[in-house]
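Chain A is the first sequence line, chain B the second, and so forth, proteins listed ahead of strands; every chain is numbered from 1.
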Amino acid sequence: MNSNYDVLIIGGGVVGCAIARELSKYDVKAALVEKEADVSMGASCRNSGVCHAGFKYAPGSLRAIVDVKGNAMMDDLCRDLKVKMKRIGKLTVALNPEDEPGLHKLKERGDANGVPGLKVLNREEMQKIQPGVNGVAALHSPSSAIVSPYNLTIGLAENALANGVNFHLGQEVVAIEKKPEGGFVVRCKSGDAFETKVLINSAGLYAAHITDMLGISGFKIYPARGEYYILDKRLNGTVKCLIYPAQSKSAEHSGGGGAHLTPTVDGNILIGPTAQYLDDPEDYACTADVMAQLRREGQAILPAMRGTDFIRNFAGSRAKQTPPEVGGNADFIIEDRKDVKGFINLMGIESPGLTSSPAIAEMVAGMVKNHVALNPDPAFNPVRPGRVDFFEELSAEEKADLVAEDPDYGEIICRCEKITKREVLDAIRNPLGARTLVSIKYRGRASMGRCQGGFCVPRIVRLLRDEFGWKPEDFLERGKTSPMFVGNVRPKGGAA
Amino acid sequence: MSTTKELTCVVCPNGCTIAVELGADGKILVDAEGKPAIKGSVCKRGDEWAKQEVENPMRTIASSVPVSGGDSLMASVRTNRPIPLGKVMAVMAEVRGRTVTAPVAIGDVIIANPAGTDTDIIATRNVAKAS
Amino acid sequence: MSEKKGIQTVQRDVVVIGGGPAGLAAAIAVKEAGVDDVLLVERDRVLGGILNQCIHDGFGLHRFKEALSGPEYAARYIQSFREKKIDVMENAIVLSLTGDRVVEVSTRGKLQYIQAKAVILAMGCRERTRGAISIPGSRPSGVYTAGAAQNLMNLENIMVGKRVAILGSGDIGLIMARRMTLEGAKVESVFELLPYSSGLPRNIQQCLNDYDIPLFLSTTVTDIVGKGRLEGVKVAQVGEDRAPIASTERFVPCDTLLLSVGLIPENELTREAGVEMDPITGGAVVDDTFMTSVPGIFSCGNVLHVHDLVDWVSMESEQAGQHAAAYVKAGAKPAAAGAAKVSIKPGDGIRYTLPQSVSGGQDFILSMRVTAPWRDRTVVVRNGEKSIRKKMVRLHPAEMIRVKVGKEVASGGNAMEVSVE
């Protein structure tokens, strides 16, 4: 495959997909390459799903600017893309009087950054928001929100695709040539090559690999793994808003927020993340000691939690620019490189990358204009078809109407999350053509509940075989390297 | 040289631990009064089971065969009587080569006399024709 | 309940939720007891529940005095169910249940509400997962619960792997060890955290020993290795505190890990209806009529407590069905209304008892499980001065114990206690 583009984005995380969607507003030939079988397979599906208010970052820093701006853009964006988002607010809690001055400092910072509605609350006021929460005072940030990070990434990608951006999944970039006349040839492991005038490095954990390929020195990413527990929906509602302890020294060093409880838009609660520097950016293993620590800490904050409430663990990696001995966070780098014309470089987009993604995308589009003309495309449609809520979340009347209209809504495939056959079929017929079990899971939520697919995976398998003729070898968990099955028990199997 | 073989009896829920003394030929030793060296069971049925289990263990085995034209892909099957443990793999080899066509009814003989065991492989599931 | 706009509400005497062995037996018993208006709701396309995938033999030794396979055992009940022309909705799921017994059911093309006089919960159980027991490691493909692998293999003709390790010596794991071996897979080992097996002795012999598959007790999986497909697991022996001993850790190469680490009664609907739960069984608290704390809601089978044998599930559910029918016939009043209930407390050596209380008006079967394996002990049921003693050659946590308690022992007093002596 050889394709010529005006703009090529490397990396299908939330930032890459937000840039793709931003560029889809213009009459420009754009594409995105992603090494995995789907978008949102790295840090974008492995985080807390928090849309940060932006009071923590140094005034004037890029992080402060793009976070506050991105946060403000999120309501309209999520509405258009049919992505679940809830402005539940956040309490940053001072556990003792010595921590209280820190809250006022945070408020000053936030005010300077333009964060709306910040208020320091006394104990009584904060307990009105979250009954029973410990502490003497808290900074309340009403613009803090939760969002489904993978649904946002998928929504951005699908809308970009609908508006003309090409997505090349399963294409791992292995070499980049600078053409003498300007522009680039991007070569992939598959043997395919893509030519482009403008190249955008949104490779996240692998961003420094891309700069290395271009001979640009001086960048290095230090992956820092964070581990999580996911809790059963039984506890839905017990955590009403985001609650963080006023920053401890150790959490500050790790550059993570410190382990805490985060409700998700789907009604689960996350415990985590921790922070641990590693050499391998994709070492997503969960480790016994950290898991034990999370169980202890979670139990301390949420006494109602029981052993049976643990449904899954996961881990993600932060793309940090600061080595372990330095710690903390460096500011984002978003630059239109002068030394390599047409190369737009994004480096160290860790937290708050999710919140900032739409603002980063606008900023990057502004840089693209330095190289190619961006004329608005009058046919651009910002709205993604579909519905925000899952069937299970609708009113009884809405459910009855849907079931009467389309019988596939009456059949439940995933019993824990009550995901219907229609929703699973929609997930597998996704416009990006992602065909893994994880692709179905992130879009349709099937197998994300307490039985973790024990019940529905055989049913999904049957559905895909009956509807699409899939063979055992076609079922992949995440991609080609994670086949689910080895074949038929009886190769000359029966036929329906 | 004798060896002791310990078995957990499966005849009833008591689950007795039965010790059987075996001679060099693998046969159960017999004492001066002609009684076999079987100890630990609380009933006679246990002794009989242990003797059988040591000399020629018998097993019922189950598997599935593919069905064409059925409302289900597989029909489960089993031997209608226990077969010698030593014949299990030979019987499985015959099961592996077998396919059936719907309809299938419980009790249908799928393979007669597999591996010369003088038993039948019977269907244990009803499979109707695909509608 | 307020009538929902555009949604049909129908009235029923008895609704049975679940068409596995418990639901089938309960529905048949309701009908046989003379209540005709009974509806069974089953979420699968076919009746029989998990028995359909349990193709091995050994079912029905107590109920039918025969060793049947799961599908055959189910077929006997299904035939009787069909002959009695009991109403059934297949491929239908209960979305919600209220304390006043309104059942929200969704099927292809229709969502409706059913107001029932009595509801029998028979939803069965689900398997404990990797997440629930917090196994560390990465997340490759090839990690399955044993029951899911069994379903894929026996119903969908799919082989999940070729080189297998099994964590947990529960019966499904043992059965799958044999099944996969017979189909050409290499089963490396079975690992069990506890110092004793949690499966039946018969299955240890016939599924592991027959095929030289080693069982390592007091051993657990400490790490799952592999980024794409599973490459292997690390295992280690555990101390008395059940914590892994680092020096004993070793790597077992395999492409598949099956988990057979316990079953959890599936009680989401039960909780939704406000039924009081027993934290030990994970099921409802019931009296000797199998009625829960919510009048008119009954529970039986594995949703009430996990059984070792399906025969006991059937027998228990038949009783639950009879009591539900009696409740409806008595004008939706408990048979022993007004009678003070006698609670039953698990004492030394007893993990739980079922039921948790009795009305004292009738003989009943007391089911229980013990906390550890023992030999030559006595199970003692005490109510004040009165007691029943049952000598047991073998007691094992994997096996349910059933003791018949006469009403003369069950009546009077305010608490019974069961213990192992």
Report the C-alpha distance between C:Arg130 and A:Arg312 in whole Å, list the side-chain angles of each, state the deciding distance to 0.1 Å, and finish with yes or no for side chain to side chain contact (heavy atoms under 4.5 Å, CB included).
CA-CA 7 Å; C:Arg130 173 183 175 179; A:Arg312 192 181 173 95; over 6 Å; no

Scored by heavy-atom pairs under 4.5 Å with chain A, the best of C:Met180, C:Glu268, C:Arg271 is C:Glu268

Which one, C:Asp44, C:Asn154, C:Asp255, C:Ile264, leads in non-hydrogen pairs under 4.5 Å with chain A?
C:Asp44

Between A:Lys480 and chain C, with a heavy-atom cut-off of 4.5 Å, which part of the residue counts as in contact: side chain, backbone, both or neither?
neither

At a heavy-atom distance under 4.5 Å, which candidate from A:Glu405, A:Glu477, A:Gln452, A:Arg462 has the highest pair count against chain C?
A:Arg462

If one checks every heavy atom of A:Met291 against chain C at 4.5 Å, the contacting part turns out to be side chain

Interface moiety of A:Thr287 toward chain C, non-hydrogen atoms closer than 4.5 Å
backbone

If you tally heavy-atom pairs under 4.5 Å against chain A, which of C:Gly147, C:Gly131, C:Ser141, C:Ser96 wins?
C:Ser141

So which of C:Thr145, C:Leu95, C:Val225 has the largest heavy-atom pair count under 4.5 angstrom toward chain A?
C:Leu95

Could you tell me which portion of C:Glu266 (side chain, backbone, both or neither) has an atom closer than 4.5 angstrom to a non-hydrogen atom of chain A?
side chain

Looking only at heavy atoms, the pair that brings A:Val403 and C:Ser106 closest together is CG2-OG, 4.1 Å

Looking only at the side chains, is there a donor atom on one of C:Ser134 and A:Tyr229 sitting less than 3.5 Å from an acceptor on the other?
yes

Please report the shortest heavy-atom distance between A:Phe485 and C:Met159, naming the atom on each side.
CB-O, 3.5 Å

Side chain of C:Arg139, backbone of A:Asn313: donor and acceptor closer than 3.5 Å?
yes

Contact check, side chains of C:Ile93 and A:Arg415, non-hydrogen atoms, under 4.5 Å:
yes

A:Met484 and C:Tyr144: CA distance, side-chain angles, deciding distance, side chain to side chain contact (heavy atoms under 4.5 Å, CB included) verdict:
CA-CA 10 Å; A:Met484 293 185 63; C:Tyr144 293 96; 3.4 Å; yes

Heavy-atom pairs under 4.5 Å with chain C, option from A:Asp309, A:Asp408, A:Leu437 with the top count
A:Asp408

Minimum-distance pair of heavy atoms, taken over all atoms of C:Asn151 and A:Arg459:
ND2-NH1, 4.3 Å

Test your reading of the model: is there a side-chain donor-acceptor pair from A:Asn488 to the backbone of C:Asn157, 3.5 Å cut-off?
yes

Honestly, the part of A:Arg478 sitting under 4.5 Å from a heavy atom of chain C is side chain

Looking only at heavy atoms and a cut-off of under 4.5 Å, which of C:Ser138, C:Ala148, C:Gly109, C:Ala92 has the most pairs with chain A?
C:Gly109

Under 4.5 Å to a heavy atom of chain A? For C:Ile135 that would be backbone

Using non-hydrogen atoms only, which part of C:Ile158 is less than 4.5 Å away from chain A: side chain, backbone, both, or neither?
both

Per-residue tally against chain C (heavy atom, under 4.5 Å) across A:Val489, A:Thr481, A:Val457 peaks at A:Val489

Interface check, chain A: of C:Glu127, C:Arg128, C:Gln112, C:Lys162, most non-hydrogen pairs under 4.5 Å belong to C:Lys162

Looking at every heavy atom in both C:Thr129 and A:Ile311, which two are closest together, and how far apart are they?
OG1-O, 4.2 Å

At a heavy-atom distance under 4.5 Å, which candidate from A:Gly307, A:Gly453, A:Ala285 has the highest pair count against chain C?
A:Ala285

Of all heavy-atom pairs between C:Gly228 and A:Ser482, which one has the smallest distance, and what is that distance?
O-CB, 3.4 Å

Show the numbers, then the answer: is there a side chain to side chain contact (heavy atoms under 4.5 Å, CB included) between A:Val486 and C:Val160?
CA-CA 6 Å; A:Val486 295; C:Val160 296; over 6 Å; no

Using non-hydrogen atoms and a 4.5 Å limit, figure out which bit of C:Gln53 sits close to chain A: side chain, backbone, both or neither.
neither

Between chain C and each of A:Arg450, A:Glu392, A:Arg234, A:Glu282, count heavy-atom pairs under 4.5 Å; write down the option with the most.
A:Arg450

Do the charged groups of C:Lys227 and A:Asp283 touch, with an N to O distance under 4.0 Å?
no

Could you tell me whether C:Arg108 atom CZ has more than 12 heavy atoms of other residues or ligands within 6.0 Å of it?
yes

Identify the heavy atoms of A:Cys451 and C:Arg126 that sit nearest to each other, and give their distance.
CB-CD, 3.7 Å

For C:Glu156 and A:Arg465, what are the C-alpha separation, side-chain angles and deciding distance, and is it a salt bridge (Lys or Arg N to Asp or Glu O under 4.0 Å)?
CA-CA 10 Å; C:Glu156 306 303 337; A:Arg465 189 188 52 214; 2.7 Å; yes

A:Arg490/C:Glu183 salt bridge by N-O under 4.0 Å criterion:
yes

Which region of A:Asp280, side chain (C-beta onward) or backbone (N, CA, C, O), has a non-hydrogen atom less than 4.5 Å from a non-hydrogen atom of chain C, or is it both or neither?
side chain

